[in-house]
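Working notes, structure below.
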Amino acid sequence: MIIQGKTNKWELVIGLEIHAQLNSKSKLFSHSSTKFGEDNNEQVSYIDAAMPGMLPITNKKCIELAIKAGLAVNAKINTFSVFDRKNYFYPDSPQGYQISQLFYPIVSDGNMQITKDNGEKKTITINRIHIEQDAGKSIHDQSPIETFIDFNRVGVPLIEIVTDPNFNEPSEVEQFMKKLRNILRYIDVCDGDLEKGSMRCDANVSVRKKGDNKFGTRVEIKNLNSFKYINKAILYEANRQVELLEEQQDIVQETRLFDVNLGQTKSMRKKEEANDYRYFPDPDLLTLKISADFINNIKNNLPELPEDKKRRYINNFHLTTYDAEVLTADKAVAEFFEIIAKKVDPKLAANWICAELFGRLNKKGIEFYKMPITSENFCTLLQLITDNKISGKIAKDVLDIMFENNNSPEEIVKKHNLMQISGTDEIEKYIDEVLNSNPEKVKEFKSGKEKLFGFFVGQVMKISKGKANPQNVNEILTKKLHSI
Ligand code: ADP
Ligand code: MG
């Protein structure tokens, strides 16, 4: 993205540090629960509280999940890695340090492809993924004179995914975050819930004169936890930097926070004020040595990734690229589709999910997760079409009613008397009625105006309130008109 300043054109450069909470029931170095939303300090073991003499024990499951994430982004899994202590004093960290990995991370050199808004593909390189523990939470809004501490999150397992500064616009960042979240959900590594803080993003932003080779000074915006704010924060920050540079002022390398009410980034700490973390290998923990077997076992059990699923939908089900993309862009949607595609024609299922279901969800502003329609009921609806019990047109009305009460489609069809009419006698009755009340048109048809066939079909559909089986109407009508 190019920002037009008063004197120059500026190019935007962004690199991301993304924290994702690992789907582990217990913490990284203790067996306390990681469950969200429990009472304050209900999930704190002696290890989490940093009682003297307590020793951490590495949770193997977390190592497995970090490796899984690495494999899913085509990265190198390092068979040797080390946990380091990052020392800083803050009330939410009872140990006085955070256990992280600085010098030898468990994963390095990955990549992921995104599709830009203009359809172009772009590869984002991932510098590293390391494992670390989360900190606790200071609560400032319960009392005017006291701060409370909740240690439930202390020691919750995270991975930090660090990209190279490859992004040039906020929309690329959004694409990447969405795709990454989708992959992490597919492989069951992180629930990707931004609202609960299971995924948060620090965006590093700098600008440079268009054509410059050297990067500008970067500013880090911490803890962005919604796509909307990521976008706004980056744009605000980039424009702030352009204004400063055009006034011949320097950019200070610092950490800023995005104030969602003001829509501005605010300085949190300058580089000179930054902590000296005095990293060193944690003496209480062994180095991680990972065998090729351990990695291969994870690799062989990796679930199907979104890109592979997409390819399979296109090749096996003959879906359009667009439909395949829509259906695989979210794990829950793909699961919904596959339940249905087992029972009805996958192409029909894809059409109805992408066009009719998503059309209605978008219009009503309902998220897929919150929709009232179960896969069972949606499947039944499509079976009714396949079995010629209702027409596609009536099925759309039934779907509208399902949105209101999520009754089963069968109940709705029964209650509103929408069952398709296929019986020859009944259809014949409608046809006779139409032909008898349009003798002129019948004459014209007989004298060669064959286009009128469509008119007769239309009339039959109309008086049957859309319920007559169109194929049967066609057949019987053809016979009738020939025998007149
Ligand atoms: P540090 O270790 O000091 O945090 P890194 O070089 O590891 O620094 O970079 C941290 C993050 O900042 C990475 O996501 C990287 O892509 C990003 N980054 C580095 N330089 C720039 C820059 N000039 N503009 C924007 N982002 C940058
Ligand atoms: Mg950093």
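When a residue number appears, it is its place in the shown sequence, counting from 1. Order of listing sets the numbers, starting from 1, for every ligand and every atom in it.
For ligand 1, the polar-atom distance check against Val162 finds no nitrogen or oxygen pair separated by under 3.5 Å. Residue Pro165 has at least one nitrogen or oxygen atom sitting less than 3.5 Å from a nitrogen or oxygen atom of ligand 1, judged on distance alone.
With ligand atoms numbered from 1 in the order given, ligand 1 contributes 13 (C), 14 (O), 15 (C), 16 (O) to contacts under 4.0 Å with heavy atoms of Thr163. Against a heavy-atom cut-off of under 4.0 Å, Asp164 is close to the following atoms of ligand 1: 16 (O). Heavy-atom contacts of Phe215 reach the following atoms of ligand 1: 23 (N) (cutoff under 4.0 Å). Listed by number with element, the atoms of ligand 1 under 4.0 Å from a non-hydrogen atom of Gly216 are 23 (N).
Applying the side-chain hydrogen bond (donor to acceptor under 3.5 Å, both in side chains) test to Gln133 and every residue at least two apart in sequence or in another chain returns nothing.
The part of Leu16 lying near ligand 1 is the backbone, judged by heavy-atom distances below 4.0 Å.
Using a distance-only test at 3.5 Å, with no hydrogens or angles considered, a donor-acceptor pair links the side chain of Lys27 to the main chain of Asn152.
Among residue pairs with one or both ends in residues 86-114, those qualifying as ring pair (Phe, Tyr, Trp, His ring centres under 6.0 Å) are Phe80-Tyr104; sequence neighbours excluded.
Here the closest heavy-atom approach between residue Cys201 and residue Met177 is recorded as CB-CE, 3.7 Å.
The side-chain contact (heavy atoms from CB on, under 4.5 Å) with Ser198 is formed by just one residue from the set Leu22, Asp191, Leu158; it is Asp191.
Of the options Glu220, Glu17, Arg218, the smallest heavy-atom separation from atom 9 (O) of ligand 1 is shown by Arg218.
Between Ile340 and Trp352, the closest side-chain pair of non-hydrogen atoms is not below 4.5 Å.
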